[in-house]
Amino acid sequence: MSIPIMPVYVDVKLREVQESGRLDYRSRSLPTWCPGCGYFAIVEGMTHACNEMGIPRDQAVVVSGIGCSSRFPFFVDLYGVHTLHGRALPVATGIKTANDRLTVIAVGGDGDGFAIGGGHISHAAKRNVDITYLLFDNGIYGLTKGQTSPLSAVGLKTTTTPFENPERPLNPLMMLLSYGASWVGQAYAGRPDHLREMITQAIAHRGFSYLHILSPCVTFDKTSKTYVNLGLQTRDLPESHDPGDLMAAMHQAQDLDHPALGLYYQQFRPTLGDTFEQVIAKSGGSSS
Amino acid sequence: MSIPIMPVYVDVKLREVQESGRLDYRSRSLPTWCPGCGYFAIVEGMTHACNEMGIPRDQAVVVSGIGCSSRFPFFVDLYGVHTLHGRALPVATGIKTANDRLTVIAVGGDGDGFAIGGGHISHAAKRNVDITYLLFDNGIYGLTKGQTSPLSAVGLKTTTTPFENPERPLNPLMMLLSYGASWVGQAYAGRPDHLREMITQAIAHRGFSYLHILSPCVTFDKTSKTYVNLGLQTRDLPESHDPGDLMAAMHQAQDLDHPALGLYYQQFRPTLGDTFEQVIAKSGGSSS
Amino acid sequence: MNATDIQIAICGSAGDGTIAAGDILRNAVAAAGYRVICFDVYPPEIRGFGKCISRLRITTEQSYSLKRQSDVLVSLDDSHTIPHAGEVRDNGAVIFESQPISPCAEGEHMSGHVLPGQIPYGFPIRELAQKATGGARSRNLVVLGFIAGLLGLAPASFQKIIEKKFAKQGPKVVARNQAGFQAGFDAGKGSFKLDDAAFGPFEKPASAGKVIMLSGNAAVVQGCIDAELATFFGYPITPATTIMERLATELPKRGHRLLQTEDEISAMAATVGAGFAGARAATATSGPGLALMAEMLGLATITETPCVIFVSQRGGPSTGMPTKTEQSDLNAALYGSPGDAQRIVIAPTNVEGCYRCAGKAFEMAERYQTPVIVLLDLYLSNRYETVTLAASGPPFVLDANKPLRRLEPGEVYKRYALTADGVSPRAVPGDAGCMHVITGLEHNELGRPNDSAEMHTAMSRKRHDKLQAALEHPDFAVTKRFGNTGRVKVGILAWGSTFGECLEAMFMAQAEGIVCSAMKVVMLSPFPTKAISAFMDDCDAVLVPEVNYEGQFAQLVQGVLARPVVRLSRVPSSPMPVELILGEIRRLSGVTASAIAS
Amino acid sequence: MNATDIQIAICGSAGDGTIAAGDILRNAVAAAGYRVICFDVYPPEIRGFGKCISRLRITTEQSYSLKRQSDVLVSLDDSHTIPHAGEVRDNGAVIFESQPISPCAEGEHMSGHVLPGQIPYGFPIRELAQKATGGARSRNLVVLGFIAGLLGLAPASFQKIIEKKFAKQGPKVVARNQAGFQAGFDAGKGSFKLDDAAFGPFEKPASAGKVIMLSGNAAVVQGCIDAELATFFGYPITPATTIMERLATELPKRGHRLLQTEDEISAMAATVGAGFAGARAATATSGPGLALMAEMLGLATITETPCVIFVSQRGGPSTGMPTKTEQSDLNAALYGSPGDAQRIVIAPTNVEGCYRCAGKAFEMAERYQTPVIVLLDLYLSNRYETVTLAASGPPFVLDANKPLRRLEPGEVYKRYALTADGVSPRAVPGDAGCMHVITGLEHNELGRPNDSAEMHTAMSRKRHDKLQAALEHPDFAVTKRFGNTGRVKVGILAWGSTFGECLEAMFMAQAEGIVCSAMKVVMLSPFPTKAISAFMDDCDAVLVPEVNYEGQFAQLVQGVLARPVVRLSRVPSSPMPVELILGEIRRLSGVTASAIAS
Ligand SMILES: Cc1ncc(C[n+]2csc(CCOP(=O)(O)OP(=O)(O)O)c2C)c(N)n1
Ligand SMILES: Cc1ncc(C[n+]2csc(CCOP(=O)(O)OP(=O)(O)O)c2C)c(N)n1
Ligand code: SF4
Ligand code: SF4
Ligand SMILES: [Mg+2]
Ligand SMILES: [Mg+2]
């Protein structure tokens with residue numbers, strides 16, 4: 001069990017960032033998030049990953065839905081699409097279909113992904129679209145000022161559940177595993193180094209990679225997914241965990257009380273781009 | 001491994017049906033399905049279940065989406081809603097919210113449920129809406145004349161995959177288990193007695209019950225989910241299977257090559273109706 | 001007239017408690033018996049230090065819109081307030097911090113921006129707050145006290161509101177805020193009064209009934225509750241969210257049910273399901289959500305299922321401007337569902353109308369078996385007005401269903417029986433022997449699929465014609481004319497929140513001697529052809545002001561009547577400025593601006 | 001005129017090979033050089049024995065619609081065909097089975113329903129099939145042969161088509177069908193010819209180019225291919241499905257990509273994604289799917305992303321009548337997306353137009369950076385016509401993007417630069433240094449969120465004004481007038497598939513001496529105000545026939561021009577009957593029916 005970690009403020013990291021050259025990937029716009037929001041660590045992790053991997057800035061597209069989290073594309077200096085609520089994945093699929101050479105990263109919140117956008121995830125995973133999906137899980141609707149999300153804990157009081165949320169949350173990792181996602185991992189905004197490492201790995205994976213990022217909403221959730229609680233609850237996946245073993249991954253994912261961080265599952269199989277080429281070949285055509 | 005079973009024609013069963021009184025639940029309209037379609041067995045199983053359970057005809061509602069399968073409500077003499085493609089579950093949720101006393105059964109095809117309607121299943125399961133969802137899986141879009149569905153096998157030639165379907169199908173049972181559905185089972189239209197038994201159990205379950213029904217489309221799929229293939233492939237769940245063990249259920253569900261029939265998982269927890277009452281109680285109100 | 005008519009604007013950044021100050025002020029004056037209309041402007045950012053303005057107009061009789069110019073402007077943050085100095089009228093008051101913490105450049109201090117003719121009231125806000133409460137957080141309360149003292153409002157109603165507002169945060173916080181208010185009050189009272197704004201003597205209004213202050217969305221909620229809404233399904237979206245949020249507290253207390261669904265498609269689907277099952281059912285959304293509901297709304301139309309949809313418009317297209325008002329979803333509300341899919345669309349023009357339309361919507365949905373869209377907008381949803389509730393209780397019919405007669409033995413129930421008024425008696429699950437299936441396919445009287453020319457024609461006619469009766473719906477004014485009767489130079493034809501501004505403009509034009517009237521159109525579909533045509537007969541020119549780019553309502557009027565109107569379509573990211581409308585009235589009436597000026 | 005103009009109707013049940021017979025016939029006569037227009041009617045049931053009718057009009061020059069009366073009616077199932085006896089003209093031929101298997105009541109046999117003046121051709125269809133092929137399955141081929149023999153068509157082109165059509169099923173099946181055809185041909189040739197229908201001498205058409213026969217949907221596919229569509233995303237729905245199905249075969253062969261998505265929301269989303277990435281991208285759907293795309297279409301409008309949406313209308317509202325034609329999705333196509341969300345909407349009027357509009361849509365989407373909806377309907381999607389492809393190759397520009405100039409050092413790329421024509425040079429991912437974010441929020445020139453009044457006004461104007469240029473789009477007629485020039489008694493204003501019927505009606509009216517014209521309106525948004533206004537100036541009365549209940553296009557015309565038109569809005573679950581239009585023309589021109597009759 002790790003020790004609670006303090007919120008990460010961008011300015012604290014500024015020197016370090018400048019020295020590393022990661023500033024290249026930051027846009028002119030400063031994030032408009034609340035001070036202390038977990039998302040700062042994610043944008044930081046992302047630019048770090050881009051830097052480490054040397055991703056050409058004009059060959060990458062960040063695609064988001066709508067939410068605090070989905071403001072993300074404005075804060076990195078890559079191509080970006082701020083789509084509609086819940087639609088990052090199908091737009092990303094279209095982009096990747098049009099141009100396989102692009103690095104495509106979809107980002108969004110828990111409401112964006114598991115409420116309104118819930119129908120698209122299984123299909124992106126099934127097709128093994130070669131994109132990375134970073135899901136920012138603060139267990140609440142931040143942008144609309146604090147309603148329950150499908151990942152809110154039982155008992156959470158929100159503006160739409162003033163008498164406490166009576167429903168148990170969905171289990172996103174089990175869902176993604178059942179969808180056949182070819183890379184499934186979990187990170188926590190309060191563990192920035194691990195987070196960066198996971199983002200890098202997720203982008204590096206060839207196929208559909210899903211990284212679930214626990215991240216406190218310091219403004220609208222003071223009781224559930226806080227830095228203190230998450231710091232106390234999260235754990236590492238056991239050393240012995242085999243990312244090739246789907247049932248072991250499912251087993252680990254079952255534990256929502258003590259979310260384990262790390263790579264749950266990885267598999268290599270043809271991507272959507274590969275299957276397009278396969279179909280073209282079978283038809284007797286050749287790629288243009 | 002069971003022996004391939006012949007298609008079930010309604011007329012063959014007619015005398016038996018009349019004698020049992022199940023005809024009470026059949027509507028004046030004869031099904032417009034193709035002769036030999038697996039769906040005849042399902043309508044038969046359903047009326048059998050209603051008869052066995054003595055469900056009052058005017059206290060039950062069958063809700064469907066759009067597809068050959070979704071014509072179902074017209075063929076039973078209950079209240080019915082033929083909704084839109086993919087929307088049976090949210091409409092059913094609304095009905096159940098308005099009137100807890102009704103028996104609500106949602107039905108639909110694999111495209112209806114896992115393509116366009118895919119976003120709703122996890123939420124119906126999460127809320128544990130006390131309804132039954134019968135999913136008719138013929139691995140194809142029947143009504144629109146034979147396109148691939150998310151449950152089509154790899155390699156299937158359809159009008160939209162003339163060069164063979166390159167994608168592996170989704171795994172509906174694993175998905176439902178990961179969603180926390182409180183009753184998950186599988187049946188096959190070619191095993192009518194077992195099917196009826198499963199439909200009865202599913203309706204009897206208090207909470208969200210999901211029954212996956214394998215059913216051949218004799219018109220548009222001549223190679224994959226045929227009576228012959230399904231007859232050869234399906235098996236029973238092992239005697240030893242414990243429906244309280246989620247991981248065991250997952251394990252069984254992993255096997256798409258030899259789909260196991262029977263009850264995978266069952267759990268009792270508060271239904272949506274219960275949670276409404278809980279919220280009303282906490283608010284200091286009392287049910288009207 | 002001895003009546004009160006004072007408009008106060010409080011301006012500051014998000015952290016200054018600007019909106020909270022406005023909230024206390026409006027509640028206090030309303031409690032004191034005045035009528036108010038208020039509208040706050042928020043920054044679009046998630047968080048941060050964007051500009052907030054809270055504007056309140058306080059009157060003896062209910063007014064229709066904010067005034068173009070405020071009588072009092074309060075600055076809690078000079079950098080934000082300076083650009084607004086011009087909105088204070090001649091001899092109006094400007095209240096600001098006289099002792100900024102750090103010395104600031106001349107151009108950055110409010111005092112340098114008070115215009116000639118305006119009266120500056122600099123006073124040491126921060127210092128007073130510090131002294132009275134030991135900190136600067138209560139600056140907003142100090143300012144409120146100052147206003148009350150200066151304008152001669154009794155502190156009692158303020159103190160009550162402050163007590164109530166901060167009670168949850170404990171007695172310390174209450175005491176701190178009371179102290180802040182008192183310090184400001186004393187300072188205000190002690191100020192030498194130079195401006196001419198003051199509260200007139202208060203007279204208890206003659207009208208019976210309870211006067212309460214509500215935002216448009218709160219009024220919608222009150223209407224829903226008074227119409228005994230049983231089930232609500234929704235998905236959060238600005239500016240409709242607060243409807244669901246309030247209902248989440250209110251419905252369970254009454255034994256009713258609310259479900260936050262996974263998206264708008266499901267919210268609408270569940271609403272149709274509940275409506276089918278016989279419950280009063282509603283949802284609420286804004287433009288983007290309305291788009292997602294379009295298909296399901298078509299199902300409600302063809303299955304003739306009662307349901308109510310509150311749509312609060314914001315700036316479009318697409319995600320657009322979530323925190324700015326606009327009236328550009330009219331087309332989508334009228335025409336968004338494919339096919340000939342008519343439905344009832346009504347749009348209130350003020351907060352009282354929000355209450356009435358909400359309650360009446362359920363009546364209409366049941367009586368005509370149709371979806372009813374109640375079209376609001378951010379300006380209406382978020383603005384506060386005092387509203388009079390009838391002493392005789394809610395003016396809503398609680399069961400407007402056409403009676404269902406018992407079936408004869410052997411009779412088959414016809415859900416879609418072709419009747420004289422187009423409305424077929426409706427059975428719901430549980431009604432013995434009336435089993436039937438509703439479907440989105442075209443169908444016959446039994447509800448069975450049927451796509452013959454005869455049946456499709458008959459059912460299309462039924463679905464359209466039955467709605468015409470809504471134009472005569474009991475106790476509901478689908479249009480209303482104000483101003484001069486008989487022949488007029490200019491007639492203003494308007495809908496929704498913009499009507500208030502039109503009315504103000506009309507009054508101003510009349511004051512200038514221009515003969516004019518204004519007609520509010522509350523029912524947009526079915527279209528009140530007769531009433532509007534008759535109104536147009538009376539007008540030399542018809543002006544249609546609306547806050548959208550395409551002139552959507554003007555297009556509707558012309559489309560139905562084939563008679564020309566003058567469009568005044570603007571997208572200022574805010575309510576339509578009254579002077580813009582006035583300018584058009586002048587122009588159309590042949591009065592030149594110079595003639596007015598002289 | 002010595003020209004050929006013969007209409008043949010083949011009627012039977014779903015199992016009789018009715019549609020297949022029509023298919024062979026149309027291909028054979030097209031191969032022989034005639035022009036054809038054909039439309040099949042299917043039963044709505046999933047399976048079963050519902051009525052099918054295949055109607056073909058065969059002419060020397062391309063005609064515009066089917067004729068009201070057929071010259072030849074063939075019965076493959078008397079119970080279905082009997083009600084259609086009346087559609088055969090005087091002296092037309094009725095072909096039927098003379099030896100039914102079981103003796104049938106008089107009223108159930110075709111022979112008892114041939115009307116006086118029609119010529120009966122009973123012959124032993126089943127027997128000939130049995131003899132020639134050893135089974136009854138080839139009855140449809142026997143009948144085809146009979147027609148060819150009777151009317152004097154050379155068998156060669158039939159034999160080729162039969163060969164091709166059945167090749168996949170092996171030589172036995174080919175031989176069986178050839179034998180059936182031959183048996184029928186011999187019988188037909190040997191029949192004593194009483195009727196006056198015959199094929200005129202065939203003249204090779206003067207026009208250069210390749211003549212092929214295509215359904216509307218196949219023409220769309222051809223247009224897509226010739227415009228080098230690179231990515232297609234779709235979800236099956238009648239009557240649009242066949243567009244995707246054909247593309248699924250054609251695109252991969254050309255190295256291009258097609259994805260069947262999980263629903264229409266994703267299809268539209270992926271289309272926008274691919275458009276953003278710089279690929280030509282399209283989707284296809286019908287009304288219900290269009291409803292689901294409404295929100296995403298708004299995003300395409302505000303982000304100014306090129307994309308093309310083919311919408312084939314069917315009967316509405318809601319699921320409506322999936323196998324019947326209608327023109328009732330016009331409103332949804334124009335206004336379905338909330339906010340001021342204008343887009344280009346074009347509607348071809350015939351199959352050749354489907355090809356042109358499909359190809360041109362990609363040009364327009366790129367040039368004006370906008371979604372383009374191509375509005376078809378079931379009647380147009382499913383009907384077959386001969387189409388001439390230009391010998392000079394596809395008439396489409398393959399890159400219509402505004403050139404992007406290289407950035408100056410340090411210059412920041414402005415995705416939404418405000419330019420004179422409203423179109424901003426567009427960079428796509430991969431373009432060096434032009435990183436930008438597109439968003440559904442209102443934004444400034446850089447694409448950054450901005451909701452100021454000035455920016456929102458400027459951007460709204462840009463998005464609307466830039467589309468005006470589409471009215472002058474090179475090599476594309478947005479309207480076209482036919483018939484009398486100058487002043488006319490009646491002007492018909494029509495759009496979409498109904499225009500063919502309008503033109504036929506106009507020709508008939510002219511033949512009766514009525515001075516009239518017809519204008520087809522291909523571009524519905526932006527609205528061709530000038531052209532239509534000028535046309536209306538010439539007309540004593542303007543008639544707007546359309547297949548919907550509300551008169552959606554009429555409402556549009558009146559909405560823009562504030563000038564009255566006469567609506568002829570009907571929902572017959574089928575194309576608009578020519579005689580209905582003709583009747584209205586007569587009425588409006590003051591000619592009474594009796595005057596005509598005499
Ligand atoms: C169609 C539609 N429905 C609703 C909304 C309003 N909305 C914007 S963001 C959001 C939820 C945000 O929650 P989440 O995805 O968890 O992101 P967070 O703000 O917590 O990062 C909602 C409901 C919208 N923009 N569009
Ligand atoms: C919004 C919408 N999109 C598409 C369709 C067309 N459609 C009707 S049924 C269907 C698929 C049917 O497949 P499935 O659900 O598997 O049912 P089946 O016919 O196989 O029983 C489709 C695509 C529709 N009716 N509505
Ligand atoms: S509201 Fe919550 S999620 Fe949004 S920026 Fe603030 S802290 Fe982050
Ligand atoms: S098309 Fe297939 S699924 Fe539909 S009725 Fe026929 S056999 Fe059944
Ligand atoms: Mg969230
Ligand atoms: Mg299916």
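Numbered from 1 within each chain, the chains take letters A, B, ... in sequence-line order. Basis for what follows: all heavy atoms, side chains included, without hydrogens, waters or symmetry-related copies.
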Worksheet item: Between D:Thr305, D:Thr249, D:Val428, which shows the greatest number of heavy-atom pairs under 4.5 Å with chain A?
Response: D:Val428
Item to complete: Please examine the side chains of D:Phe276 and A:Val91, heavy atoms only from C-beta on, and report whether any two atoms are closer than 4.5 Å.
Response: no
Discussion item. To the nearest 0.5 Å, what is the distance between CG on D:Asp431 and OH on A:Tyr79?
Written reply: 4.5 Å
In residues 100-107 of chain A, what donor-acceptor pairs under 3.5 Å come from side-chain atoms, sequence neighbours left out?
from: A:Asp100; atom 1: OD2; to: D:Arg257; atom 2: NH1; distance (Å): 3.1
from: A:Asp100; atom 1: OD2; to: D:Arg257; atom 2: NH2; distance (Å): 2.6
from: A:Arg101; atom 1: NH2; to: A:Asn99; atom 2: OD1; distance (Å): 3.4

Item to complete: Under 4.5 Å, counting heavy-atom pairs only, tell me which of D:Gly273, D:Ser266, D:Ala277, D:Gly278 racks up the most with chain A.
Response: D:Gly273
Worksheet item: Roughly how far, to the nearest 0.5 Å, is CZ of D:Arg254 from CD1 of A:Ile280?
Response: 12.0 Å
Item to complete: Enter the distance from A:Thr93:OG1 to D:Phe233:CZ here, rounded to the nearest 0.5 Å.
Response: 8.0 Å
Discussion item. Taking side chain as everything from C-beta outward and backbone as N, CA, C, O, which of these in D:Val412 sits under 4.5 Å from a heavy atom of chain A? Side chain, backbone, both or neither.
Written reply: side chain
Worksheet entry | D:Lys414, NZ atom: more than 12 neighbouring heavy atoms under 6.0 Å | no
Response to the item:
One option among D:Leu258, D:Thr271, D:Leu299 has the most heavy-atom pairs under 4.5 Å with chain A, and it is D:Leu299
Worksheet item: With a 4.5 Å limit on heavy-atom distance, are the side chains of A:His120 and D:Asp263 in contact?
Response: yes
Worksheet item: Is chain D contacted by the side chain of A:Ser27, its backbone, both, or neither, given a heavy-atom distance below 4.5 Å?
Response: side chain
Item to complete: For atom CZ of D:Arg246, decide whether the heavy atoms of other residues, nucleotides or ligands shown that lie under 6.0 angstrom number more than 12.
Response: no
Worksheet entry | Separation of D:Glu262 CD from A:Ile121 CD1 (nearest 0.5 Å) | 10.5 Å
Item to complete: May I ask you to test the D:Leu441-A:His82 pair for a side-chain heavy-atom distance under 4.5 Å?
Response: yes
Worksheet item: Taking all atoms of both residues into account, what is the closest heavy-atom pair of D:Gly447 and A:Phe74, and its distance?
Response: O-CE2, 4.0 Å
Discussion item. If I measure from the heavy atoms of chain A, does D:Met268 come under 4.5 Å with its side chain, its backbone, both, or neither?
Written reply: neither
Item to complete: Please check if the side chain of A:Ser283 supplies one atom and the backbone of D:Pro252 the other of a donor-acceptor pair under 3.5 Å.
Response: yes
Fill in: Heavy-atom pair count under 4.5 Å with chain A, highest-scoring of D:Gly440, D:Gly430, D:Ala279
D:Gly430
Worksheet item: By a 4.5 Å heavy-atom criterion (distance strictly below it), what part of A:Leu272 contacts chain D: side chain, backbone, both, or neither?
Response: side chain
Fill in: Part of D:Ala230 within contact of chain A (heavy atom distance under 4.5 Å)
neither
Item to complete: With a 4.5 angstrom heavy-atom cut-off, could you sort out which part of A:Val61 is near chain D: side chain, backbone, both or neither?
Response: side chain
Worksheet item: Which region of A:Lys96, side chain (C-beta onward) or backbone (N, CA, C, O), has a non-hydrogen atom less than 4.5 Å from a non-hydrogen atom of chain D, or is it both or neither?
Response: backbone
Worksheet entry | Top contributor to chain D interface from A:Lys282, A:Arg127, A:Glu277 [non-hydrogen pairs under 4.5 Å] | A:Arg127
Worksheet, complete the sentence: Value for CG (A:Leu78) from CE (D:Met435), rounded to nearest 0.5 Å, stands at 7.5 Å
Discussion item. Which one wins on heavy-atom pair count under 4.5 Å against chain A: D:Cys434, D:Pro429, D:Ala269, D:Ala270?
Written reply: D:Pro429
Worksheet item: Say you draw a straight line from OG1 of D:Thr439 to CZ of A:Arg71; how long is it, rounded to the nearest 0.5 Å?
Response: 7.0 Å
Worksheet entry | Close side-chain approach of D:Val272 and A:Arg87, heavy atoms under 4.5 Å | no
